[in-house]
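Have a look at the structure below before the remarks.
Only heavy atoms go into these numbers, but all of them, side chains included; no hydrogens, no water, no symmetry mates. In this text the structure is predicted, and so the values were computed from the model without any measurement.
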Amino acid sequence: MALPQPFFDFPGFLGLIGPVRTEKTEGAPWTFSFTVGEQHLNPGGVCHGGMLMSFADHVLGTVVWESIGYKPCSTITLNCDFATAAKPGDLVEGEARITRSTRSLIFVNGVLTCRGAIVMQATGIWKVLGA
């Protein structure tokens with residue numbers, strides 16, 4: 001399967017909440033980021049927690065998807081801990097790593113950062129569909 005190239009216009013939900021940058025180059029880890037825009041703000045003027053959680057779901061889920069050979073999978077659990085706010089214009093970056101795999105379940109954790117600070121930490125479990 002061909003790997004996605006830098007991608008700014010996702011279809012569906014990610015297209016509505018984006019733009020989100022997702023990039024994969026051969027032999028390198030995934031790169032994920034988005035710049036906090038007006039469309040991402042809550043009434044307090046900082047990035048909405050729902051946006052951060054959606055971005056984390058995308059980051060962790062993509063790393064899981066690659067680890068299982070690009071098979072269909074689905075989020076079972078996503079736990080998020082917020083640490084600090086992301087402000088308009090901030091570049092939020094995400095990374096994730098698999099912590100445990102079974103035949104049908106993948107355990108993963110990740111972190112979202114901006115300005116050198118942790119914005120949110122996330123842990124999750126994904127189900128390999130059909131396994």
Supply the atom-to-atom distance Gln121 CD to Asp81 CG, rounded to the nearest 0.5 angstrom. 6.5 Å
Taking the side chain from Thr102 and the backbone from Leu105, do they hold a donor-acceptor pair closer than 3.5 Å? yes
What pairs with Arg97 under salt bridge (Lys or Arg N to Asp or Glu O under 4.0 Å), at least two apart in sequence or on another chain? none
Any non-hydrogen side-chain atom of Cys73 less than 4.5 Å from a side-chain atom of Ile106? no
With heavy-atom distances below 4.5 Å as the criterion, would you say the side chains of Leu91 and Cys114 are in contact? no
Check: Phe34 and Thr22 side chains under 4.5 Å, non-hydrogen atoms: no
Distance col, row Ile98:CD1 vs Asn109:CG, nearest 0.5 angstrom, shows 9.0 Å
Is it true that Ile125 and Val108 fall in one hydrophobic cluster, defined by side-chain heavy atoms closer than 4.5 Å? no
Exercise: identify the closest heavy-atom pair between Gly45 and Pro88: O-CD, 3.4 Å
If you measure from CD1 on Ile17 to CZ on Phe55, what distance do you get to the nearest 0.5 Å? 9.0 Å
Backbone N or O of Leu60 within a donor-acceptor pair of the Asp57 side chain at under 3.5 Å? no
Which residues pass the side-chain hydrogen bond (donor to acceptor under 3.5 Å, both in side chains) test with Ser104, sequence neighbours left out? none
Cluster check Leu129, Val63: I/L/V/M/F/W/Y, side chain < 4.5 angstrom: no
Flag the pair Cys47 / Asp90 as yes when at least one side-chain heavy-atom distance between them is below 4.5 Å, and no otherwise. no
Hey, does the side chain of Thr99 reach the backbone of Phe107 with a donor-acceptor pair shorter than 3.5 angstrom? yes
Hey, does Met51 have a side-chain heavy atom less than 4.5 Å from the side chain of His40? yes
Would Glu66 and Trp30 count as having a side-chain donor-acceptor pair, cut-off 3.5 Å? yes
When rounded to the nearest 0.5 angstrom, what distance separates OG in Ser33 from CG in Leu112? 11.0 Å
Do the side chains of Val111 and Glu95 get nearer than 4.5 Å, heavy atoms only? yes
I'd like to check Lys24 versus Phe32 (side-chain heavy atoms, cut-off strictly below 4.5 Å). Are they in contact? no
Apply side chain to side chain contact (heavy atoms under 4.5 Å, CB included) to the pair Leu52 and Val119, showing each step before the final yes or no. CA-CA 9 Å; Leu52 294 171; Val119 174; 3.7 Å; yes
Between Ala85 and Arg115 the two heavy atoms that sit nearest each other are O-NH2, 2.8 Å
Can you tell which of Val36, Val59, Val20 makes a side chain to side chain contact (heavy atoms under 4.5 Å, CB included) with Val92? Val36
Test Lys127 against every option in Thr75, Thr77, Ile76 by the side chain to side chain contact (heavy atoms under 4.5 Å, CB included) rule and name the one that passes. Ile76
Val46 with Ile118, same ILVMFWY side-chain cluster at under 4.5 Å: no
Nearest 0.5 Å, please: how far is NE2 in His48 from CD in Gln39? 13.0 Å
Looking only at heavy atoms, the pair that brings Cys80 and Met53 closest together is SG-CG, 3.8 Å
